[in-house]
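The structure appears below as structure tokens.
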Amino acid sequence: MTQLSAAQTPQDKPADGGRALYGGKSTRRITARDITAAKERGEKWPMLTAYDAMTASVFDEAGIPVMLVGDSAGNCHLGYDTTVPVTLDEMTMLSAAVVRGTSRALIVGDLPFGSYQEGPVQALRSATRLVKEAGVGAVKLEGGERSHRQIELLVESGIPVMAHIGLTPQSVNAMGYRVQGRGEEAAQQLLRDAKAVQDAGAFAVVLELVPAELAAEVTRTLQIPTVGIGAGPDTDAQVLVWTDMLGLTGGRVPKFVKKYADLRQVMGDAAKAFADDVVGGTFPQEEHSVH
Ligand code: KIV
């Protein structure tokens, strides 16, 4: 769970002696530059969200190379209805926990709504908190052309930026949760947004809820990796929200989610078994007792 110090992390040496991001041996923390190299090798990679140290440590041990402390924490961890109320203090606290729980993954901290929209200087102030106080290796922010000045200043200041275009949940009050990039005009705007974030210096870009064919075209067009969520099979990487993909989220999940486990059922059953044992007097037993 201990993070390597800067002195122990030679930034110019590829992670794991140049081997895969996923499946490579742990030697040091993965950096944004390793992600760039993966696109050059044509390597696909997985990203998961994480919001706490213990879950993050499980994913780190499983070899997940990039973890996003997404502001989806709002819905999936903090009990809000959307990502809009999430604060920079909350994101800093959650990001620091995920950094402490991992030693290999690149940790990307999300800039929440209201922490960068005023302009580049506000974005730099907010991103600096995530880098200095939480220890993240990169930040993510939403918006294409509209966020390019923020991205430029962060990158100039030495902070790697993952951009996020297509459906941008922080704008739910304006755009709702709808597929983006449908129709010629919207597709051209998405391509302009993708080029704008690449030109501004982003090292990767999330494409959320866009038609698969358009995501494939963006992926072919860009030099930086695309990270798809609801964007079909042809992006360079795929991200899922961990509570969705492990079946912890209650209620409906989006169509693009694949459920790899049913933790809600497992945890509910375990809680009921514990309660039954306590009520029935069968827990604790002799082996759980001290004398
Ligand atoms: O906040 C988040 O988890 C995200 C992913 C859905 C990409 O932005």
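Order of appearance sets the numbers: ligands from 1, and atoms from 1 within every ligand. Model, not experiment: these values are computed from the prediction.
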In terms of heavy-atom contacts, does CD of Gln188 have more than 12 from other residues, nucleotides or ligands at under 6.0 Å?
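Yes, enclosed.
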Check the surroundings of atom OH in Tyr80: do more than 12 heavy atoms from other residues, nucleotides or ligands lie under 6.0 Å from it?
yes
Below 30° counts as parallel, above 60° as perpendicular, anything between as tilted: where do the rings of Phe283 and Phe274 land?
perpendicular
So is there a nitrogen or oxygen of [X] less than 3.5 Å from a nitrogen or oxygen in ligand 1?
X      : result
Glu208 : no
Thr49  : no
Tyr51  : no

What protein heavy atom sits nearest [atom], and how far away is it?
atom                   : answer
atom 5 (C) of ligand 1 : Leu68 CD2, 3.7 Å
atom 3 (O) of ligand 1 : Ser72 OG, 2.5 Å
atom 6 (C) of ligand 1 : Ile229 CD1, 3.7 Å

Is the shortest distance from a Lys or Arg side-chain nitrogen in [X] or [Y] to a carboxylate oxygen in the other one below 4.0 Å?
X      : Y      : result
Arg104 : Asp60  : no
Asp234 : Lys44  : no
Asp244 : Lys258 : no

Among Met162, Met91, Lys140, which one puts a heavy atom closest to atom 8 (O) of ligand 1?
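Minimum heavy-atom distance to atom 8 (O) of ligand 1 goes to Lys140.
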Can you confirm whether the side chains of Arg29 and Thr102 place a donor and an acceptor under 3.5 Å from each other?
yes
Whether the Arg125 and Gln122 side chains hold a donor-acceptor pair (N or O, under 3.5 Å, no angle test) is what I'd like checked.
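No.
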Taking heavy atoms and a distance under 4.0 Å, where does Thr83 meet ligand 1: side chain, backbone, both or neither?
neither
Numbering the atoms of ligand 1 from 1, which are under 4.0 Å from a heavy atom of Gly70?
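Those atoms are 1 (O), 2 (C), 3 (O).
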Give the numbers and elements of all ligand 1 atoms closer than 4.0 Å to a heavy atom of Asp71.
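This gives 1 (O) as the contact atoms.
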Close approach, Glu142 and ligand 1, non-hydrogen under 4.0 angstrom:
no
